[in-house]
Chemist: 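The following block contains the structure, expressed as structure tokens.
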Amino acid sequence: MKVSTTRVLLTGANGGIGQAVATALAGAGASVLLAGRSPARLSAQVRTIQRRHPTAKLDWREVELDQAASIAALANHAAAWNCNVIVHCAGVAEFGPFDHTGVDRMSQVLHTNLLAPMMLTQSMLPHLRALPHAQVVCVGSVLGAIGLPGFSVYCASKFGLRGFAQALRRELAKTSVRVQYLGPRSTRTAFNSAAVSDYNQATGTAMDPPERVAEALLDMLETETAERFLGFPEKVAARLNGLVPAWLDGAFDKHSASLPKSPDQPNPPTTQETSHAR
Ligand SMILES: NC(=O)c1ccc[n+]([C@@H]2O[C@H](COP(=O)([O-])OP(=O)(O)OC[C@H]3O[C@@H](n4cnc5c(N)ncnc54)[C@H](OP(=O)(O)O)[C@@H]3O)[C@@H](O)[C@H]2O)c1
């Protein structure tokens, strides 16, 4: 779809990637409904974008994606606003040894990153299917295709999101609705804690600016590419991991060694202790 004809509902609009996407969409002539949790930050962002692009067509709406009623209210509002594209950009991070993550946190990550986009898509489908053309773009991650030590819960959510996007794309293939998945690599936003930055540095992981993700997303809207991963070697690793994951199992020792230590985890035995035990 031509970006200038899109009417985009953008979740996570106040986030680092969301801000870059909203600005790029507005600059390209799209109409954007910015959705986020803070009315003050949403209205401030609309003013900022409008200063840069005075003719920008922007609106905003508060949403709490952890609440079903709030998702339903957003879907109704977006349908009445005549949205023809959803960009699911809201998400939460989770990093560290798996045994650090409590079940409440696991549930929150899976809800925000996976269940909420599924619920919002489902609520909007009757409206989208009635349009001559509509698109749903899931902002996932390369970690929706590569299981990385330290990101087991986050990977579970993004692998799930990619599976959802792929299955729904095939299910809706004969309808007017296209479903797409964008997998950025690590991106310079507040999403990444200092611990993730240390891990990235220790493992030589590159980070993109959020504008790079926005540029790819606008390109995907125009080209309607089904699935795209960003960055080299990440995009090759994502494809290879899909074909022969066992080949990559040995490639992440440095990543495992670079994880923050769990306070509950006993230190690994020293070589001396190991040889005494033999
Ligand atoms: N940054 C990266 O390294 C990276 C890499 C690959 C993929 N991604 C994906 O890209 C997307 C955007 O990431 P980002 O870097 O822009 O992160 P970010 O700066 O932390 O922004 C995340 C956004 O999600 C919103 N959000 C979180 N929980 C929500 C909830 N319960 N209800 C409503 N909104 C909620 C936040 O709202 P508030 O503003 O109200 O907090 C925020 O606007 C995420 O899906 C992430 O998984 C990020």
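Here, residue 1 is the first one in the sequence, and each next residue gets the next number. We count ligands from 1, going down the list as the structure has it; atoms in each ligand are counted the same way.
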Chemist: Might you confirm whether atom CD of Q201 has over 12 heavy atoms from other residues, nucleotides or ligands at distances under 6.0 Å?
Modeler: no
Chemist: Is there a heavy atom in S186 that sits closer than 4.0 Å to ligand 1?
Modeler: yes
Chemist: State whether R105 and E94 are salt-bridged, where the test is any N-O pair (Lys NZ or Arg NE/NH1/NH2 against Asp/Glu carboxylate O) under 4.0 Å.
Modeler: yes
Chemist: Can you figure out which of G18, G91, A35, G12 has its heavy atom closest to atom 22 (C) of ligand 1?
Modeler: G91
Chemist: Heavy atom to atom 12 (C) of ligand 1, shortest distance: which of A116, G183, C89, G15 holds it?
Modeler: C89
Chemist: On a heavy-atom basis, I'd like to know which of T112, I17, V21, D66 is closest to atom 28 (N) of ligand 1.
Modeler: T112
Chemist: Within ligand 1, which atoms have a heavy atom of N14 less than 4.0 Å away?
Modeler: 39 (O), 43 (O)
Chemist: State whether the number of non-hydrogen atoms from other residues, nucleotides or ligands found under 6.0 Å of Q122 atom CD is greater than 12.
Modeler: no
Chemist: Less than 4.0 angstrom from a charged side-chain N to a carboxylate O is my criterion; do E227 and R239 meet it?
Modeler: yes
Chemist: Select one of side chain, backbone, both or neither to describe which atoms of V142 lie under 4.0 Å from any atom of ligand 1, heavy atoms only.
Modeler: neither
Chemist: Do H133 and E224 pair up side chain to side chain, a donor and an acceptor below 3.5 Å, judged on atom types alone?
Modeler: yes
Chemist: Have a look at ligand 1 and work out which part of V92, if any, has a heavy atom under 4.0 Å from it: side chain, backbone, both or neither.
Modeler: side chain
Chemist: Is any NZ, NE, NH1 or NH2 atom of the basic residue among R185 and D208 found under 4.0 Å from an Asp or Glu carboxylate oxygen of the other?
Modeler: yes
Chemist: Which protein heavy atom lies closest to atom 2 (C) of ligand 1, and at what distance to 0.1 Å?
Modeler: T187 N, 3.5 Å
Chemist: Take every heavy atom of R185, measure it against each atom of ligand 1, and state whether any distance is under 4.0 Å.
Modeler: yes
Chemist: Of the side chain and backbone of V139, name the one, both, or neither that has a heavy atom under 4.0 Å from an atom of ligand 1.
Modeler: both
Chemist: Tell me, which protein residue and heavy-atom name are nearest atom 25 (C) of ligand 1, and how many Å apart are they?
Modeler: A90 CB, 3.8 Å
Chemist: Which heavy-atom pair separates V92 from V109 by the least distance, and what is that distance?
Modeler: CG2-CA, 3.8 Å
Chemist: Atom 19 (O) of ligand 1: which protein heavy atom is closest, and how many Å away?
Modeler: G16 N, 2.8 Å
Chemist: Just wondering, do V87 and T11 contact through their side chains at under 4.5 Å, heavy atoms?
Modeler: no
Chemist: Kindly identify the option in P184, G140, S141 whose heavy atom sits closest to atom 9 (C) of ligand 1.
Modeler: G140
Chemist: Which residue holds the protein heavy atom closest to atom 47 (O) of ligand 1, what is that atom called, and what is the gap in Å?
Modeler: Y154 OH, 2.6 Å
Chemist: Would you mind listing which atoms of ligand 1 come within a distance below 4.0 Å of any non-hydrogen atom of V63?
Modeler: 33 (C)
Chemist: Nearest protein heavy atom to atom 15 (O) of ligand 1, by residue and atom, and its distance?
Modeler: T189 OG1, 2.6 Å
Chemist: Please assess E222 against V3 for the test side-chain contact (heavy atoms from CB on, under 4.5 Å), listing each intermediate value before the final yes or no.
Modeler: CA-CA 6 Å; E222 295 256 353; V3 172; 3.4 Å; yes
Chemist: Grab the two heavy atoms, one from L74 and one from R61, that are nearest each other, plus how far apart they are.
Modeler: CD1-CG, 3.6 Å
Chemist: Are any of the N/O atoms on S38, whether in the backbone or the side chain, positioned under 3.5 angstrom from an N/O atom of ligand 1?
Modeler: no
Chemist: Considering only heavy atoms, does R41 approach ligand 1 within less than 4.0 Å through its side chain, its backbone, both, or neither?
Modeler: side chain
Chemist: Taking it one step at a time, do V85 and L221 satisfy side-chain contact (heavy atoms from CB on, under 4.5 Å)?
Modeler: CA-CA 9 Å; V85 175; L221 284 177; 3.8 Å; yes
Chemist: Do me a favour and list the nearest non-hydrogen protein atom to atom 20 (O) of ligand 1 with residue, atom name and distance?
Modeler: F191 CD1, 3.4 Å
Chemist: Note the single closest protein heavy atom to atom 45 (O) of ligand 1, along with its residue, its atom name and the distance in Å.
Modeler: K158 NZ, 3.0 Å
Chemist: Compute whether any side-chain donor of one residue and acceptor of the other, for T121 and H88, lie under 3.5 angstrom apart.
Modeler: yes
Chemist: Is L65 in polar range of ligand 1, meaning some N or O pair under 3.5 Å apart?
Modeler: yes
Chemist: Among all protein non-hydrogen atoms, which one is nearest to atom 41 (O) of ligand 1, and what is the separation to 0.1 Å?
Modeler: R37 NH2, 2.9 Å
Chemist: Show the atoms of ligand 1 that are less than 4.0 angstrom away from any heavy atom in N192.
Modeler: 1 (N), 2 (C), 3 (O)
Chemist: Indicate, with yes or no, if the rings of Y199 and F151 have centres closer together than 6.0 Å.
Modeler: yes
Chemist: Tell me the closest heavy-atom pair linking A206 and S186, and the distance in Å.
Modeler: O-CB, 3.8 Å
